[in-house]
Enquirer: 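Just passing along the structure, written as structure tokens.
Keep in mind that what you see is a predicted model, and the values were worked out from it rather than measured.
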There are 2 protein chains.
Amino acid sequence: MNSVFTTSAEENYLKAIFKIAEKEPGVVLTNALAAEMGTSAASATDMLKRLSDKQLVAYEKYRGVTLSETGNRIATDLIRKHRLWEVFLVDKLGFAWDEVHEFAEQLEHIQGEHLSERLDEFLGHPRFDPHGDPIPDAQGKWMRRTQSRLLTLTPGQRGVVTGVDDHSPSFLQYLAELGLSLGAELALIERTPYDQSSKVRIGEREAVLSEKVGQNLFVRII
Amino acid sequence: MNSVFTTSAEENYLKAIFKIAEKEPGVVLTNALAAEMGTSAASATDMLKRLSDKQLVAYEKYRGVTLSETGNRIATDLIRKHRLWEVFLVDKLGFAWDEVHEFAEQLEHIQGEHLSERLDEFLGHPRFDPHGDPIPDAQGKWMRRTQSRLLTLTPGQRGVVTGVDDHSPSFLQYLAELGLSLGAELALIERTPYDQSSKVRIGEREAVLSEKVGQNLFVRII
DNA sequence: AAATATTTTTAGTCTAGTCTAAAAATAAAA
DNA sequence: TTTTATTTTTAGACTAGACTAAAAATATTT
Ligand SMILES: [Mn+2]
Ligand SMILES: [Mn+2]
Ligand SMILES: [Mn+2]
Ligand SMILES: [Mn+2]
């Protein structure tokens, strides 16, 4: 189907470009890409030339880069595989949601026919990964969802945890300790004007969550 | 546990050394290693120096190589992971036994804590892979089994298919078509002295199997 | 024991992917 | 609009892992 051979490094760069453009639509700048990849700007420039030669990106010197149709498809497929593997690791192997990212970062690059289809089927066609992120379908179509940051709730409103905007193990572990896994219900009791912290009820317990948490936690209002 | 960092390439070479020494105990020669890896002898020499620097092999110029304790452990663990993933692909994802090798060749290199333990548990601690090859346990211990080549059976003897000595997709597919999957029963009707071919009964059917098949098919005599 | 054949190593080159330091282009400020 | 700051690219170097061709070591014949 995708006749372009890509190395793991190339795939990771394509995914990084996709993720930056997802948050901040438009062209992606070299420094932003280098930062996302944890490499030097020189290395990013280097890779952009390679990706451009392979027609996976439209790259203009000094101006930035965007994914081509093919590049977009490869990135989408990579994200699909990443998230399917995460579902496997959590649902089938019993890992916690903060333990699976690095594994998936490797597993997403496994090459071969029909693997993602079979995995998808085995997992029961999951539509979201363990962090609440949508899994594009085999055709690369994305599911759109309405979710709100906890910070936007007003006192009295209730919500179901649907996702996170910070995937760091420390944040994920902290949420798990609070009982705030995907699907957990909470109610906003009050918001402190001084520091925007949120006092919430989670089941029987109450907890005070910082502005940072309020910013990084997504809920569906119910 | 294993504090030595190894690249995929290094791991593949270690596994190749292990496999050659398994068939032909003693030191492994450069050319044999290069042949097994499908690389030039120069590349093999190159890698042997690297592995020797890392103390994963005992290498003497012009004399050959053997695995060190650590090298042996890494190779064993790699084979364990390879075979566990093959079980996953066949038992859980529904691939045929001739389709899984290349996937496992990649999956065996996935790095991270507790992955093989969890996978092993999820699969129910399988002791053999889809090709009948034993899966070493988490301590690296091997299970020994008595099996015979079909060629050693005498007319009238019956056997259960337990393994293959040729893992090529074409042989595996041929066996599957014959109904000779793992666990299948057969009975030797007669052996043609002229070309050592075996006339066998497989369930209701009869089939004539070449010497090559007789050589590469393992059975447990019942 | 010499000559010949085979095996293995060395030498030199290549590519992908990284780096640092310097140069060039672009953007912002004076 | 010129100067200064920032961003990006280029230049040059490094490593892992591959190659080919040549040299050296070992094994086999004569
Ligand atoms: Mn990755
Ligand atoms: Mn995720
Ligand atoms: Mn491998
Ligand atoms: Mn196998």
Side-chain angles (χ1 to χ4, degrees), chain A residues 4-17 20-21 24 26-67 71 74-75 78 102 105-106 108-111, chain B residues 4-17 20-21 24 26-67 71 74-75 78 102 105-106 108-111:
Chain A
V4 201
F5 172 76
T6 45
T7 65
S8 294
E10 287 168 347
E11 289 175 350
N12 285 334
Y13 274 93
L14 290 173
K15 194 175 63 166
I17 295 167
I20 295 164
E24 195 85 43
V27 301
V28 170
L29 301 178
T30 301
N31 266 356
L33 180 55
E36 174 75 23
M37 288 301 296
T39 59
S40 70
S43 300
T45 299
D46 225 69
M47 181 56 88
L48 287 179
K49 285 186 201 152
R50 275 195 290 274
L51 295 174
S52 187
D53 288 348
K54 291 191 174 185
Q55 319 236 50
L56 301 175
V57 299
Y59 166 55
E60 273 191 273
K61 264 192 187 179
Y62 296 102
R63 289 277 102 111
V65 72
T66 55
L67 293 177
I74 293 173
L78 199 69
E102 287 309 313
E105 203 56 52
Q106 302 171 62
E108 67 189 1
H109 303 291
I110 302 294
Q111 308 270 354
Chain B
V4 201
F5 172 77
T6 45
T7 65
S8 295
E10 288 167 345
E11 290 175 349
N12 285 334
Y13 273 95
L14 290 173
K15 195 175 62 166
I17 295 167
I20 295 164
E24 196 83 42
V27 300
V28 170
L29 301 179
T30 301
N31 266 356
L33 180 56
E36 174 74 23
M37 288 299 298
T39 60
S40 70
S43 300
T45 299
D46 224 69
M47 180 56 88
L48 287 178
K49 284 187 201 150
R50 276 195 288 274
L51 294 174
S52 188
D53 289 347
K54 291 191 174 184
Q55 320 236 51
L56 301 176
V57 298
Y59 167 56
E60 273 192 274
K61 265 191 185 179
Y62 295 100
R63 289 278 104 115
V65 73
T66 54
L67 292 178
I74 292 172
L78 199 68
E102 287 309 312
E105 203 55 53
Q106 302 170 61
E108 66 189 2
H109 303 291
I110 302 294
Q111 307 271 354

Enquirer: Should we say atom CD of A:Gln111 is surrounded by more than 12 heavy atoms from elsewhere, each under 6.0 Å from it?
Expert: yes

Enquirer: Check this one for me: any side-chain N or O of A:Thr39 less than 4.0 Å away from OP1 or OP2 of C:dG17?
Expert: no

Enquirer: Measure from CG on B:Leu29 to C1' on C:dT8 and round the result to the nearest Å.
Expert: 10 Å

Enquirer: List in numerical order all residues of residues 55-64 of chain A for which some heavy atom is under 4.0 Å away from an atom belonging to DNA chain C.
Expert: A:Tyr62, A:Arg63

Enquirer: Which residues pass the salt bridge (Lys or Arg N to Asp or Glu O under 4.0 Å) test with A:Glu11, sequence neighbours left out?
Expert: none

Enquirer: Can you tell me which residue among B:Thr6, B:Ile74, B:Leu14 is in a side-chain contact (heavy atoms from CB on, under 4.5 Å) with B:Leu51?
Expert: B:Leu14

Enquirer: Between B:Arg50 and B:Asp46, does any NZ, NE, NH1 or NH2 come within less than 4.0 Å of an OD or OE carboxylate oxygen?
Expert: yes

Enquirer: Name every residue in residues 40-54 of chain A that has at least one heavy atom under 4.0 Å from any atom of DNA chain C, in order of residue number, or write none if there are no such residues.
Expert: A:Ser40, A:Ala42, A:Ser43, A:Asp46, A:Met47, A:Arg50

Enquirer: Between CG of B:Leu48 and NZ of B:Lys61, what distance do you get to the nearest 0.5 Å?
Expert: 12.5 Å

Enquirer: Would you say that B:Tyr13 contacts B:Thr39 through its side chain, given a criterion of any heavy-atom pair below 4.5 Å between the two side chains?
Expert: yes

Enquirer: Please check the phosphate of D:dT8 (OP1 and OP2 only) for any side-chain N or O of A:Asn31 closer than 4.0 Å.
Expert: yes

Enquirer: Taking only the side-chain nitrogens and oxygens of A:Tyr13, find out if one of them lies under 4.0 Å from OP1 or OP2 of C:dA16.
Expert: no

Enquirer: Using whole Å, report how far NE2 of A:His109 lies from P of C:dG17.
Expert: 11 Å

Enquirer: If you round to the nearest 0.5 Å, how far is CD of A:Glu108 from NZ of A:Lys15?
Expert: 3.5 Å

Enquirer: Could you tell me whether the side chain of B:Lys54 reaches within less than 4.5 Å of the side chain of B:Glu10, counting heavy atoms only?
Expert: yes

